[in-house]
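Chain letters run A, B, ... following the sequence lines, proteins first, then strands; residues in each count from 1.
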2 protein chains.
Amino acid sequence: MLTLQTPLASKLSAFVALSAPDLEMLARFHRRRRTFQAGHELIHEGEKNQSAFVLAEGWACSYKLLPDGERQIVDFQIPGDFLGLRSILFRTSDHSVEAVTRIEASEVLASDILDSFAHAPRLATAVLWAASRDEAMVVEHLVNLGRRPAEIRTAHFLLELGARLRLVGVGEAAGFECPLTQYHLADVLGLSAVHVNRVLRQLREDGLVTFQKGRVDFDDIPRLTRLAGFDPEYLDQPRPFLP
Amino acid sequence: MLTLQTPLASKLSAFVALSAPDLEMLARFHRRRRTFQAGHELIHEGEKNQSAFVLAEGWACSYKLLPDGERQIVDFQIPGDFLGLRSILFRTSDHSVEAVTRIEASEVLASDILDSFAHAPRLATAVLWAASRDEAMVVEHLVNLGRRPAEIRTAHFLLELGARLRLVGVGEAAGFECPLTQYHLADVLGLSAVHVNRVLRQLREDGLVTFQKGRVDFDDIPRLTRLAGFDPEYLDQPRPFLP
DNA sequence: CGCCTTATTGACGGACCTCAAGCTAAGTGG
DNA sequence: CCACTTAGCTTGAGGTCCGTCAATAAGGCG
């Protein structure tokens, strides 16, 4: 019997109870494991025939660059997340992905995905669910950028990141190790690095969160959650939907 | 032989050549056709067991409300688009959907989707592709909100909308009929209605776009496209990926 | 030690918001 | 036919959130 050895398998199993053949098919996603240095760009916006990856270890981020050189980070990826899944369904990738830390990731070929759809429908459903969950996070991020002021936006982002990490068993309720710089925060929050710095100071002095020295510490979770209007519903991993 | 009678079927066929059994399965998505008045809320954020729909006629929008009553529109949907696909994969819907105009839409049950995954893998692949294309639009929108100033943001949005409509055979290159109010624009662009009004005037006086009386007219497409940094690559419908 | 990345803080300006008032067009009922 | 309402659009004045520019620490790391 196959065990749930990978973060992806355990994530998908939270949605669909996967059979032995499903897990075997899923295991094919994890051949071709590779290591990349921090800062390496795995997927290049605008280029054709890009691969996808499954992240096994470390942090990555997906982003787009604008004509004037500015960058908008779309999301950060943590172990168990796909990298560049969209880029194998489109001819050319609509975004870039780079390693934030040193990472380990397995290359997934288009044929792996397509075969799984043809021969393991439950796995296919699970992949659609994972893609939908990613989209839900992007949507929440979009609301964050469109309608929340900088301080609330930052608080919301840090709470979401903490919740996501907890779901894959990283960090504690009170905080987590965080390899991001204030420039990463600026690029994901649509702010200038200078303003991010001021907002972080404000949040720290108000006794809400401390973002410092590679760690995020939640100093007052109830007050912070209320301030941010944070509701983790859209991240929830219920009992399997398909038993 | 089945013909491509619905906008959804023709959209999916641009990605995957669907067989007769695929099309038959897809036809099941279109039983239960219903009509809704403008302003009717079809899908309710936070409620359980919501349906999904396929939009056949008219415009809809998906959005989230914030605690202070503000609204962020995530996207507009036009014929051939799914409404609330994510809400049937999650226990509770993470967003709301309402009709912008009078619309016609067919209710899609979770079982319709799941059966199609089990018995029509090519159709399943096509649905994943459609979901990924929606996500690509949300991502571009996110970049718009995070990093583009109001005027460029507005220009980009109108160009994207025009391009999407052309792909389903609505409107012309020079413009399109548009049922949106300036309040809709404000909610989708993350701006105040007052500022939207000023930006539209600016764009009109600069001879770039005219948004007036239920129509959008592109007055200088090359200059507008350059201003917005608009590249429709992410919307492209190439020859079928799976022949 | 010298270099480069990251963090910090101040001064100043501008993009966008809020409040407020008034306009137009279309509908509704007397 | 006309008062009245309502939804949508328009414009001005004034304030604020956040960006840019600039300078200085404060660490990693060869």
Side-chain angles (χ1 to χ4, degrees), chain A residues 37-39 59 61 66 68-73 98-102 144-157 177-206 209-216 227, chain B residues 37-39 59 61 66 68-73 98-102 144-157 177-206 209-216 227:
Chain A
Q37 296 307 312
W59 292 40
C61 69
L66 284 95
D68 62 1
E70 281 206 289
R71 172 164 95 152
Q72 177 64 50
I73 292 179
E98 79 171 29
V100 171
T101 64
R102 183 176 211 270
N144 223 3
L145 293 178
R147 286 298 184 203
R148 287 198 258 254
E151 193 177 350
I152 295 178
R153 196 186 301 178
T154 306
H156 191 282
F157 170 76
E177 299 295 319
C178 181
L180 305 180
T181 67
Q182 294 186 0
Y183 292 92
H184 283 121
L185 284 190
D187 282 347
V188 77
L189 296 173
L191 300 169
S192 69
V194 172
H195 199 62
V196 165
N197 183 282
R198 284 191 255 262
V199 167
L200 290 175
R201 173 153 59 102
Q202 187 66 44
L203 289 170
R204 179 163 16 93
E205 288 176 353
D206 288 351
V209 227
T210 305
F211 178 99
Q212 241 171 15
K213 296 176 182 154
R215 258 200 78 79
V216 172
L227 171 73
Chain B
Q37 296 308 314
W59 292 41
C61 69
L66 285 92
D68 62 1
E70 282 206 289
R71 170 164 97 152
Q72 177 65 49
I73 292 179
E98 78 172 30
V100 171
T101 65
R102 182 175 210 272
N144 224 2
L145 293 178
R147 286 297 185 205
R148 288 197 256 254
E151 194 177 350
I152 295 178
R153 196 186 300 178
T154 305
H156 191 282
F157 170 76
E177 298 297 318
C178 181
L180 305 180
T181 67
Q182 293 185 1
Y183 294 91
H184 283 120
L185 285 189
D187 282 348
V188 77
L189 295 173
L191 301 169
S192 68
V194 172
H195 199 61
V196 164
N197 183 281
R198 284 191 253 263
V199 166
L200 290 176
R201 172 154 59 102
Q202 187 67 46
L203 289 169
R204 180 164 16 94
E205 289 176 353
D206 288 351
V209 227
T210 305
F211 179 99
Q212 242 171 14
K213 297 175 182 152
R215 260 199 76 81
V216 172
L227 171 73

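When each of C/dT8, C/dA7, D/dT10 is scored by its nearest atom to the side-chain atoms of A/Thr181, the top-ranked nucleotide is C/dA7. Across D/dG19, D/dG12, C/dA7, the shortest atom-to-atom separation from the side chain of A/Tyr183 is found for C/dA7. Here the nucleotide nearest the side chain of A/Val194, chosen from C/dT9, C/dC16, C/dT6, is C/dT9. Considering only side-chain atoms of B/Gln182, the nucleotide from D/dT10, C/dA7, D/dG19 that sits closest is D/dT10.
Within 4.0 Å of A/Arg198, counting heavy atoms only, lies at least one base atom of the nucleic acid. Among the protein residues, A/Gly214 comes within range of no part of the nucleic acid, since none of its heavy atoms lies under 4.0 Å from any strand.
Residues A/Thr154 and A/Phe211 fail the side-chain proximity criterion, which asks for heavy atoms closer than 4.5 Å. For the pair B/Val199 and B/Arg153, the minimum side-chain heavy-atom distance is 4.5 Å or more.
Across the interface with DNA chain D, nearest-nucleotide mapping of A/Leu191 and B/Asn197 shows B/Asn197 to be the residue nearer the 5′ end. Comparing A/Leu180 and A/Arg147 along DNA chain C, the residue whose closest nucleotide (by nearest heavy atom) sits nearer the 5' end is A/Leu180.
C/dC16 atom C1' lies 18 Å from atom CZ of B/Arg148, rounded to whole Å. Rounded to an integer number of Å, the gap from CG of A/Leu145 to P of D/dG19 is 12 Å. Between A/Glu151 atom CD and D/dC17 atom C1' the separation is 12 Å, expressed in whole Å. Rounded to an integer number of Å, the gap from B/His195 NE2 to D/dG15 P is 19 Å. Computed from coordinates, the B/Gln202 CD to C/dG14 C1' distance equals 15 Å when rounded to whole Å.
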